[in-house]
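These numbers were taken from a predicted model, which means no experiment stands behind them. Just so it is clear: chains get the letters A, B, ... in the order the sequence lines come, proteins before strands, and each one is counted from 1.
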Amino acid sequence: MLTIPCPWCGPRPDSEFAAGGEAHVVRADPNASTDIQWGEYLYFRENVKGPQRERWYHSHGCRRWFNVARDTVTHEITAVYPMGETASANVTLTPTLRHQGGGRS
Amino acid sequence: MIVGGGGHGLATAYWLAKNHGVRSVAVLERGPIGLGNTGRNTTVVRSNYLHDDSAHLYEHALKLWEGLTQELNFNTMFSQRGVLNLAFTDHELVEMERRAGALRLNGIDCEFLDHDALKRWVPILDLGQDKRYPVLGGLVQPRGGNARHDAVAWGFARGASAMGVDIVENCPVTGIRVENGRAVAVETPKGTIAAGRIGVVAAGHSSVIMAMAGVRLPIQSYPLQALVSEPVKPVLHTVVMAGHVHVYLSQSDRGELVIGAARDTYHSYAQRGSFHLIEEQLRAMIELFPIFSRLRMMRQWAGIVDVAPDASPIIGATPVSDLYVNCGWGTGGFKATPGSGWVFAHTLAHGQPHALNRNFGLERFYTGRLIDEAAAAGVAH
């Protein structure tokens, strides 16, 4: 069980929350996107092994959304910050594997 | 080149050699073979899927299971003890009738069991109607059942090896070399290995491996847990799945109850699950089977499952030439092992999908032609 520090309610068990998946996915314009751009926006994710930014919803508490920086291997939570903010100053995230190896085709 | 030496990867190598005469094959596995999800699942085999595409694919796999011990000359301990899905609400009953109709149209066996038939089929099931979720009926697939998971990996590995396939254990892939949009080699601690065509069959780590070639997938990785009880004398002869109260279980040949349920809700690569999920599934189990209330649990573990948005597998080409992927089996890949290898071997050998997996490509996430088994098939996750 994770203990998630809700910015409004304090540390609570993860069973009170709903996991909202990766944070900062930029919404594509449905009128201007190709099928590929729209599909990428809807379904394709980084699925990072390591530090990631994600959204959580305190569904059985204050019912508010917020962002979390959490490591998907150790489950360590390193930062909690409001929706709409892109990053927190004290969070350093290592590059994901996506940036290693060959270029994207 | 096959990246991933689990059941699906080894089956792919076996059928490449057996069906297509492609024997210059290497299977790279980061640890020993079969110790990932192949050795961690709850060994349930069935083909009772709602949609035609899934039904045809899983039924092909089930037919291969029926002859697999003979095919591999290795006892897979395939036991067609039946898989029983229970309904707890009127809505589930209606869905069950719909699924039964779809299954019959696809030539897949199923039988509806009412209260009396359930009582005869599983006498220890509590059919009392005074509970929050009383059992209203069930649908059994008699040809479903269990198999020995390790034996499947070992059998395919031995058969593939005998035909000339190289199985390289303790050989993690650390990079994929892409030149002019074409995958040409993989990098490992043992050196760089050139390959004419690469198939990635890496389950929960599919996104990590494919990212090495700059390919993103519509996959999220989650822990899925299972647990076993202390061994007891034979008491449960069939597989029971209860999606609504959310538990499923069977009894192994050693006498342990093998119990599974939901995956964790958040994204993780840690091979451990949350304790509250165990608590919830055991609560459901005791509600169904009060006889197990004093049974002690012996072991618990988790594997990392690769879940696609429509809970159906992704088998086919990628934006990088000569790089193919077989992933997205999520919470239910074991049952498909021989069939998954069969169609992926065809796909790799011909550069084109087999008729059974042509609708399972990555393109469906752009065209919108999803194969939505998450909501419709009554699968247990």
Side-chain angles (χ1 to χ4, degrees), chain A residues 1-4 12-23 25 28 30 33-60 67-77 94-105, chain B residues 173-187 204-223 264-277 279-280 304 306-310 318-321 323 362-368 370:
Chain A
M1 179 96 63
L2 289 178
T3 300
I4 299 174
R12 307 293 304 170
D14 77 57
S15 51
E16 291 187 6
F17 296 82
E22 288 176 23
V25 176
S33 299
T34 63
D35 286 352
I36 287 181
Q37 288 166 334
W38 187 247
E40 293 265 342
Y41 157 68
L42 275 184
Y43 299 123
F44 288 67
R45 296 292 180 263
E46 305 300 323
N47 199 19
V48 170
K49 182 178 185 179
Q52 98 162 349
R53 312 292 185 83
E54 59 194 20
R55 300 171 305 173
W56 284 85
Y57 174 56
H58 199 179
S59 47
H60 297 290
N67 287 314
V68 169
R70 182 181 64 94
D71 190 299
T72 62
V73 179
T74 65
H75 291 180
E76 186 188 2
I77 292 172
T94 56
T96 69
L97 284 167
R98 187 165 80 92
H99 303 301
Q100 300 169 8
R104 193 194 294 194
S105 300
Chain B
V173 168
T174 55
I176 296 175
R177 195 170 291 174
V178 178
E179 290 175 4
N180 302 320
R182 181 174 172 269
V184 294
V186 299
E187 286 152 16
H205 280 73
S206 296
S207 298
V208 177
I209 300 286
M210 295 305 286
M212 295 173 188
V215 175
R216 286 206 310 170
L217 293 172
I219 291 289
Q220 292 276 272
S221 295
Y222 301 96
D264 274 80
T265 57
Y266 55 87
H267 176 196
S268 168
Y269 284 89
Q271 284 181 322
R272 61 177 188 270
S274 299
F275 187 74
H276 68 94
L277 291 173
E279 196 178 357
E280 285 157 17
I304 302 303
D306 44 332
V307 177
D310 56 358
T318 71
V320 176
S321 300
L323 181 65
L362 267 177
E363 320 79 68
R364 73 177 189 268
F365 299 100
Y366 302 128
T367 62
L370 302 185

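- With a 4.5 angstrom heavy-atom cutoff, B/L370 touches chain A only via side-chain atoms.
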Practice problem: List the steps and the verdict of side chain to side chain contact (heavy atoms under 4.5 Å, CB included) for B/R216 and A/E46. | Solution: CA-CA 6 Å; B/R216 286 206 310 170; A/E46 305 300 323; 2.8 Å; yes
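- Per-residue counts of heavy-atom pairs under 4.5 Å with chain A were compared for B/M210, B/E363, B/E187, B/H205; the largest is that of B/H205.
- When each of A/Q37, A/E22, A/R45 is scored by its heavy-atom pairs under 4.5 Å with chain B, the top score falls to A/R45.
- Considering all non-hydrogen atoms of both residues, B/V208 and A/K49 come closest at CG2-CB, 3.8 Å.
- A side-chain donor-acceptor contact under 3.5 Å links B/Y269 to the backbone of A/N47.
- Note: B/T265 OG1 to A/W56 CH2 = 5.0 Å, rounded to the nearest 0.5 Å.
- The candidate from B/G273, B/G368, B/A270, B/A308 with the greatest count of non-hydrogen atom pairs under 4.5 Å with chain A is B/A270.
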Exercise. For the pair A/T72 and B/Y266, evaluate side chain to side chain contact (heavy atoms under 4.5 Å, CB included) and give the outcome as yes or no after the intermediate values.
Key: CA-CA 9 Å; A/T72 62; B/Y266 55 87; over 6 Å; no
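- Rounded to the nearest 0.5 angstrom, A/S15 OG and B/E280 CD are separated by 7.5 Å.
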Practice problem: Verify side chain to side chain contact (heavy atoms under 4.5 Å, CB included) between B/S268 and A/H75, making sure each step is shown before the conclusion. | Solution: CA-CA 8 Å; B/S268 168; A/H75 291 180; 2.6 Å; yes
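- Defined by atom type and a distance below 3.5 Å, a donor-acceptor pair is missing between the side-chain atoms of B/H267 and A/E54.
- Here the two rings, on A/W38 and B/Y366, have centers that are 6.0 Å apart or farther.
- Using a 4.5 Å cut-off between heavy atoms, A/T34 makes no contact with chain B at all.
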Exercise. Show your reasoning for whether side chain to side chain contact (heavy atoms under 4.5 Å, CB included) applies to A/D14 and B/H276.
Key: CA-CA 10 Å; A/D14 77 57; B/H276 68 94; 3.5 Å; yes
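- To the nearest 0.5 Å, atoms OH (A/Y43) and CG (B/L362) are separated by 13.0 Å.
- Looking only at heavy-atom pairs under 4.5 Å with chain B, the residue among A/D71, A/T74, A/L2 that has the most is A/L2.
- Put simply, of B/E179, B/Q271, B/Q220, the one with the most heavy-atom pairs under 4.5 Å next to chain A is B/Q220.
- B/L217 touches chain A through its backbone: at least one of N, CA, C or O sits under 4.5 Å from a heavy atom, while the side chain does not.
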